[in-house]
Amino acid sequence: MDYIPNTDADLSAMLREIGVASFDELVAAIPASLRKFKMELPAALSEPELQRELGAMASRNKPLDALTSFLGAGAYEHFIPSAIDALVSRGELYTAYTPYQAEASQGTLQLLYEYQSLICRLTGMDISNASLYDGGSAVGESAYLALNAHPKRNRIVVSSALHPEYRQILRTYTAGMDIEVVELPTRDGVTDLDALAAATNENTAAVLLQSPNFFGCIEPMQQAGELIKPKGAWFVAVVNPLSLGALRPPGEYGADLAIGEGQPLGIPVSYGGPYVGFLTSSKQLVHKVSGRIVGRSVDTEGREAFCLTLQAREQHIRREKATSNICTNQSLMALRACIFLALMGKRGIREIAELNLRRSHQAADAISRIPGFALKFPHAPFFNEFVVTCPAPAQTICDRLERDGILAGLPLGRFYAGMECDLLVCVTETKLTGDIERLAESLSRAASQKV
Amino acid sequence: MDYIPNTDADLSAMLREIGVASFDELVAAIPASLRKFKMELPAALSEPELQRELGAMASRNKPLDALTSFLGAGAYEHFIPSAIDALVSRGELYTAYTPYQAEASQGTLQLLYEYQSLICRLTGMDISNASLYDGGSAVGESAYLALNAHPKRNRIVVSSALHPEYRQILRTYTAGMDIEVVELPTRDGVTDLDALAAATNENTAAVLLQSPNFFGCIEPMQQAGELIKPKGAWFVAVVNPLSLGALRPPGEYGADLAIGEGQPLGIPVSYGGPYVGFLTSSKQLVHKVSGRIVGRSVDTEGREAFCLTLQAREQHIRREKATSNICTNQSLMALRACIFLALMGKRGIREIAELNLRRSHQAADAISRIPGFALKFPHAPFFNEFVVTCPAPAQTICDRLERDGILAGLPLGRFYAGMECDLLVCVTETKLTGDIERLAESLSRAASQKV
Amino acid sequence: MKEPLIFDLSSPGRRACSLPAFDAPAKPLTELVPQDCLRQHDAELPEVSELDVVRHVTRLSQLNFSVDTHFYPLGSCTMKYNPKINDRIASLPGFANLHPYQPASTTQGALAAFDLLEQTLCQITGMDAFTLQPAAGAHGELTGLLLIRAYHTARGNPRRKVIVPDSAHGTNPSSAHLAGYDVVTVPSNKQGEVDIEKFRAVLDEEVAAVMLTNPSTHGVFETNILEVAAMAHKVGALLYYDGANLNALIGLARPGDMGFDVVHLNVHKTFSTPHGGGGPGAGPVGVKKALEPFLPTPRIVRNAADGTFFWNYARPQTIGKMRSFYGSTGILIRALTYILAHGSEGLRRVSEVAIINANYIKAKLKDLYDDPFPQACMHEIVFSGKRQKKQGSSARDIAKRLLDFGFHAPTIYFPMTVPEALMIEPTETESRETLDRFIAAMRQIAEEITTNAEMLHNAPFTMPVTRVDEVKAARELDVNFVKREP
Amino acid sequence: MKEPLIFDLSSPGRRACSLPAFDAPAKPLTELVPQDCLRQHDAELPEVSELDVVRHVTRLSQLNFSVDTHFYPLGSCTMKYNPKINDRIASLPGFANLHPYQPASTTQGALAAFDLLEQTLCQITGMDAFTLQPAAGAHGELTGLLLIRAYHTARGNPRRKVIVPDSAHGTNPSSAHLAGYDVVTVPSNKQGEVDIEKFRAVLDEEVAAVMLTNPSTHGVFETNILEVAAMAHKVGALLYYDGANLNALIGLARPGDMGFDVVHLNVHKTFSTPHGGGGPGAGPVGVKKALEPFLPTPRIVRNAADGTFFWNYARPQTIGKMRSFYGSTGILIRALTYILAHGSEGLRRVSEVAIINANYIKAKLKDLYDDPFPQACMHEIVFSGKRQKKQGSSARDIAKRLLDFGFHAPTIYFPMTVPEALMIEPTETESRETLDRFIAAMRQIAEEITTNAEMLHNAPFTMPVTRVDEVKAARELDVNFVKREP
Ligand SMILES: Cc1ncc(COP(=O)(O)O)c(C=O)c1O
Ligand SMILES: Cc1ncc(COP(=O)(O)O)c(C=O)c1O
């Protein structure tokens, strides 16, 4: 089927008005040799067929509702209030364009302004942009920003406990630049601060630390900041925004940039996307921030009104001198986060974060009581994820639990050599005591299984 | 959880402003003896718990997407265009009140006016109301209307091939009235016209025939009408609106009322409701029609504008003298039907009806080729349902097919004594050749099975 | 910009939907059914694109007021917030995609949900059994009266009369009439309650039922309810409760305990299911034990042995059926979700706050608008616009003017007992701040009337249309679009 | 009525959501994590009810233009209709509720969907392999240029320069810069195409890539494309295709056949995924075989033995990753749905109608608005408002005035090569009637300018706000609401 209203009769009439005899006259400029190909696509489907065939494709997946999952590692299963879908699916938000025409876009603009303000309140930072693609690309963008704001420096220091995919993105993003990326080792699950001090020098544009880090451990951000500041490097905190309901916000430990993945804020896991990257900074860096920013202003009659602002930073004005090339971003996902934060409110965001803390500790307790299993980093504080050392390769354990309909977590051998028996377990507020008990039972059975 | 914004602090302040010391002062009028009860309800659930627990309840059902169903009998599985849900879920339509305040309800009013017009075009009738509860209650309402418009008559004649539940409703609705309901026998699947002629007399307020009738057979409506008219009784046609894309509309065979179940027009089967009853009539009966009617008018500046009209028929004005007691009706479901008809359009409604015709005949052919199975009424034309006589009790056959994930149809013994081996099979456009082949194979296996 | 009619958008050959081709050899239709069964001319449905329909309906929707956009102080209607979780649950395929004749083995979740809803409604109302079948309040009334008729008939005499107070909603006398009863109206006293003496005067052994709502449509509690019930029962009459006003009482008092024998509820009022521009709602009916045998068929039964549920059709005394199948499942699931969200405490708080909100409005407006019933109100307050009428503006003018302030109109001219009635029900889901803005608007309007009553005749000024000509609509009836005059 | 900020609605203690209680013994938090990790003061999020949020967002949404409510003749953006079926499919739990690290055994449907999408995109563009990872067009550009860099590097020299026409979108030079290249701008000729001689002048062996879009942002087909490609390839440079304008060419010509080595697509333009007020989109990147080894990791592979799919991470030459996980699944599924709805014929018709619609507008307006490129346009037409500028109204004025007619503004001041550019792209999903109304509005505006150019400076007149003070917004920066001045 198609979505084309004009009929053949309409089109013939229009061609006449245009003054051509046939459509081919309009595209005569296309060399004949280019028009000879054959496009081999599946036959067109009507809507009932789409519902049926793509529905069948979807049902070949096993969604999280049919499993009990302890996977996290950058994508988190959280409560999503029903009001979010009901609101963001409204055509006026969903099918609107980027709000360049402020007068016809006050809805989107005000909501993005509110998003920015909410994210600032959550992170304790001064400035938020209106979104980036996702947490990983936000890391890449933060490097561009840091290098741009420190044009003479060419080193980026990064913890090896930053999400392995984010580190890969950082390297990919900066592949065309003449810079050096230095990775810091960890000790007991957190970044080695001595190594940090050693690696951070006058040539360092930025130091990136994630907290909670990829192992789930909360980093000593205050101390790290104190080591970074004297060297003049930008301190980039990569944070889980939902954790900030309970954990100390980056604005309080002196981060210059606080960035991360906004998915925990009301966005479905959706096999990895669309998500939303957030990027916040101190006032100082506002003219370097990448991405769209909405400002509050007035109209010619003095009424409060909103518009995109500081556009001179952006590619459509500044072209090759822009801080970033981002154009289309993730507004609708930022809007989800905005609605999520508004619905949670001051108390809700604390409560949900605390529930995550409690559930993960409850699970960690339960698992460490199973013979053969132990917390890998028993001294590091954690939020909703932690590493468990298993009595067998973690992948084997996971395969066994899958048969019980449980996804036990992420085997870390995939990303860290030498961690083949280590399992990253995430426990959010979506898990109840019964789920944790099932996990523990299943783990202890798996440990004693042969093959 | 609750949805109450005012906090205890708000409420205390408000009680002060009201000038009472406590809430209990406000309800002092309630006798103390009435306040002693204890209400035993399950503990309050937060939204995450509701999602989880009610989700679990839903998953204890086996929905049609997980089965191949040939059930019809008044509730039909049809294609529902995705645009319908996207539109009717809009808060402005979904949470609006009955449009008594025309100026603040032009959206709902115009859409209901369009619904009425679309239904008139489909049925060929002059007037449509803005909805009744469902097809069954529309039968009851049509009896009220007919009796009201023929105040001296007290007989209702009805085919026994009218949906058994509708007949039951007719009797229940008229239980308080001093009237007689006469049921007509069928012959070869359609109403016996001789019996009709005999039963319809000067005392008959209305004759109700359903076409396609409960057995799926298309009734000889033209001939029936010719027998009814001379007696001055109202000829009430109960029709499947979707069938009218292909079948002759009641407006063309002289029905005074055409009524029925609007569910096939874009409304999910939803375990029996909410559905929508439609009621159309000839011009003559407009002042007797029950339910809301929207009219096109103008505002004080002469612009086209819509409002509820002929309210003098209704209970809120006429009280015990009203044609009907209906107040809240099924606007949103009428709106679904309106959008469905607009999306189908002139060609689509014909095509979908023709597909139903073709699929059901394809299935009827396939089934009648299975040894032991035969069409019960081989000479009666049908739309998308037909009766099959099985080589074993139909219920037994159905139980066997259920194991293959197939719902074979409705065993008629439930409603008609002597039809224990008869099965009502419905095949809509949602079934493909493969589904029909699976049904046929499964039926032939079932026939040869022992127990 | 005026939105055209869908028919105005039509253009020959345009399509919104395509359908799969028939994938088997296709005979001519006339080989399947005789020519004279077939439609000769296509129904003149519009020919439009999917975008046409989406844009049309989206734009039209924006012309509406709705709870999601505006405060509706609409007495007797309980226009409370409709939580979004309700819709999510109701649209799960496990509820939305079940055929009513599926075997019960495949619908245990739905049956369990219905059973739980019936039980919770019994707890809330103090009744013994519920049917979920009726489709709305009025439908519940008719069901209830037919139950009462069946009950009396089983005792030898269906009786002739139903007593209804003068303040009753129009559906009450109308339902009584359809159930075959003569309606006897009983006036209210100065407090807005049933006048006990006048009630006594019309009560006799031919009275089948007394229909009341409590709080009455005057927004006040019937303080004599226990006496009224005793009097009615004494002559063998049954007491019918119109549940439209239950939002005042959940957790505070129960109709069952007051002596009511039959109750209907409006889940689209009390239990937060949406009004949808006029439905669908649902009107479950509860009864005391003596009436249970008459309830519509089928009934849900739990098999004590294995805990499974099934539908029981074998009900010899049943009144029969009020609608096809079992009820408006999609709506009932929403109501259940709402009830489970609240629990006992939460539901009581609903009524408490509804009552406080109403009394707050009363306290803040009673100096400017006449307040016929000086006692505390329950969940709604009925003012009389008599004073304003004298000053030159009717209740209708006030209602229309309120639209300009972004508030839906109150219910007006109902109850009929109060001249120029303005019936205001804030519900518990509106905040104090919203009430304050509404109060300010009402005060400003009262002020406008003293200075420029004339102006209000032309209100509203900010809606998509000005006042609609209802007289023309009825006189030059156009309820089915044929075609545009050229 | 102005909608307040969400913060203005806040009232202490108000709540929209409640959460389940912790159902096990709860230790003090400080026994779980040290005090100094914990937040000392609650984040000052607003305290509002669910109704507050719903009403707030619903009302705000109504202030927007959108495809679902208005025609967007927005050049370069392809604001076509977004079919509702796309959303339905993408929100099936089988797609929306998958964790990216679930075992592939539980995500075969998603992998099959991705694989099918990659294959169809290859067919549509004539490329050999696709990655679905990039999140938008600009992200695709960066990906593509990093692929080109890796390709050249593998051949010993990453090269220094990227050639970009003066009409290019800002993201092109910006992406080239971020990928470490110097940008060399090549001017367009009078026909709006790349000036071949000037192109030859800047082309040398230090050129890594030539970035073009075809049709160019002047809306015209690059007739010399085959020559340009040959010239570039001769010096070892690669050709990059900015797919923003593919809506002109599907089924008519393929970038792969034109000689492009790397292509990005904007599924939110060509393949009907919604713009969402500025995203999310997706920007899949296609390459010729020689560049395949460098594509981002992981890649979908089909196991020939059993037909199952898995993710392959073992890609030694990969550029790495451009974003977390695999791509914007929810968006990609929508694009796939759209492609499957059309098939080959249907997609070709998309471009045909897009081109006819654009030429129709051109034919009907070229007498009043300057038309810098007289040849037939492709799917969009760039007018110059020079004449109107002389008469006293800028392209911005025209754009703002159009809003009053219920049409979104065209893209203005882009491409930068055309003074007072008005770039109009109707897309195929708008009907002739809509185009006629737009044309009438544009003609009326041209007329207004000749009589009252002054008036247009104050347009729009019918929007929720008048022109917004962008200078103040930038000077007195307020991008984070702290609190209301009292
Ligand atoms: C007091 C009262 N009774 C009965 C009804 C009828 O209920 P329904 O509209 O659901 O049929 C209403 C509805 O407005 C009402 O307010
Ligand atoms: C010609 C052209 N190239 C590139 C882009 C960038 O695409 P995106 O906004 O998806 O990043 C655009 C988008 O506006 C465009 O029009």
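The structure presented is a predicted model; accordingly, all values stated were derived computationally and were not measured.
Contact detail for S331(B) and G277(C): the closest heavy-atom pair is OG-O, 2.9 Å. Contact record, L340(C) with P42(B): CD2-CG, 3.8 Å, taken as the closest heavy-atom pair. Annotation for R90(B) and S61(C): closest pair NE-OG, 2.8 Å, computed over non-hydrogen atoms. Of all the heavy atoms in S174(C) and Q315(B), the pair that sits closest is CB-CB, 3.7 Å. When all heavy atoms of Q102(C) and L407(B) are compared, the closest pair comes out as CG-CD1, 3.5 Å. Taking each heavy atom of T329(C) and G272(B) in turn, the nearest pair found is OG1-N, 4.4 Å.
S324(C) is linked by a side chain to side chain contact (heavy atoms under 4.5 Å, CB included) to D134(B), E165(B), Y166(B), I169(B), counting only residues two or more places apart in sequence or in another chain.
Checked by atom type and distance alone, the side chain of D299(B) pairs as donor or acceptor with a backbone atom of T466(C) at under 3.5 Å. The backbone N or O of F481(C) sits less than 3.5 Å from a side-chain atom of Y113(B), completing a donor-acceptor pair.
Contacts between I225(C) and chain B at a heavy-atom distance below 4.5 Å involve the side chain alone, from C-beta outward. Of the two parts of D36(C), only the backbone, made up of N, CA, C and O, holds a non-hydrogen atom closer than 4.5 Å to a non-hydrogen atom of chain B. Residue contact with chain C, scored on non-hydrogen atoms closer than 4.5 Å, involves the backbone and the side chain of R358(B) alike. At a 4.5 Å heavy-atom cutoff, the contact between M322(C) and chain B is made by backbone and side-chain atoms alike. In this structure, chain B has heavy atoms under 4.5 Å from both the backbone and the side chain of T58(C). With a threshold of 4.5 angstrom between heavy atoms, Y81(C) approaches chain B through side-chain atoms but not through N, CA, C or O. At a 4.5 Å heavy-atom cutoff, Y181(C) makes no contact with chain B through either its backbone or its side chain. With a threshold of 4.5 angstrom between heavy atoms, P103(C) approaches chain B through side-chain atoms but not through N, CA, C or O. Only the side chain of S105(C) comes within contact range of chain B, judged by heavy atoms closer than 4.5 Å.
Distance check, rounded to the nearest 0.5 Å: CG of L50(B) to CD1 of I85(C) gives 5.5 Å. Taking CD from E114(B) and CG from N480(C), the interatomic distance works out to 12.0 Å, rounded to the nearest 0.5 Å. Rounded to the nearest 0.5 angstrom, Y360(C) OH and D10(B) CG are separated by 9.0 Å. The OG atom of S69(B) sits 9.0 Å away from atom CG of N97(C), with the distance rounded to the nearest 0.5 Å. Note: L15(B) CG to I356(C) CD1 = 4.0 Å, rounded to the nearest 0.5 Å.
Under the 4.0 Å criterion applied to side-chain N and carboxylate O atoms, R467(C) and E103(B) are not assigned as salt-bridge partners. We find that R121(B) and D42(C) are not joined by a salt bridge, their nearest charged nitrogen and carboxylate oxygen being 4.0 Å or further apart. Taking the charged nitrogens against the carboxylate oxygens, E351(B) and R15(C) do have a contact shorter than 4.0 Å, which makes a salt bridge.
Contact count versus chain B (heavy atoms, under 4.5 Å) is highest, among R348(C), K80(C), K364(C), for K364(C). The candidate from R432(C), Q108(C), Q62(C) with the greatest count of non-hydrogen atom pairs under 4.5 Å with chain B is R432(C). Residue with the most contacts toward chain B among R14(C), H268(C), K400(C), Q375(C): K400(C) (heavy-atom pairs, distance under 4.5 Å). Each of G279(C), G343(C), A135(C), P158(C) has some count of heavy-atom pairs under 4.5 Å with chain B, and the biggest count is that of G279(C).
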TODO: Could you give me the CA-CA distance, side-chain angles and deciding distance for T309(B) and E470(C), then say whether side chain to side chain contact (heavy atoms under 4.5 Å, CB included) is met?
DONE: CA-CA 7 Å; T309(B) 193; E470(C) 299 191 354; over 6 Å; no
TODO: Please test L64(B) against L98(C) for side chain to side chain contact (heavy atoms under 4.5 Å, CB included), starting from the C-alpha separation and ending with a verdict.
DONE: CA-CA 6 Å; L64(B) 296 182; L98(C) 296 182; over 6 Å; no
Task: Criterion side chain to side chain contact (heavy atoms under 4.5 Å, CB included) on L226(C) and S33(B), from CA distance to verdict - done: CA-CA 10 Å; L226(C) 293 170; S33(B) 65; 3.7 Å; yes
Open item on the list: Walk me through whether T328(B) and N266(C) qualify under side chain to side chain contact (heavy atoms under 4.5 Å, CB included).
Closed with: CA-CA 10 Å; T328(B) 293; N266(C) 301 61; 5.7 Å; no
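Taking the six-membered ring for Trp and thresholds of 30 and 60 degrees, H139(C) and Y173(B) have ring planes inclined between 30 and 60 degrees apart.
For Y271(B) and F325(C), the distance between ring centers is not under 6.0 angstrom. The six-membered or imidazole ring of Y3(B) lies near that of H342(C), with a centre-to-centre distance under 6.0 Å.
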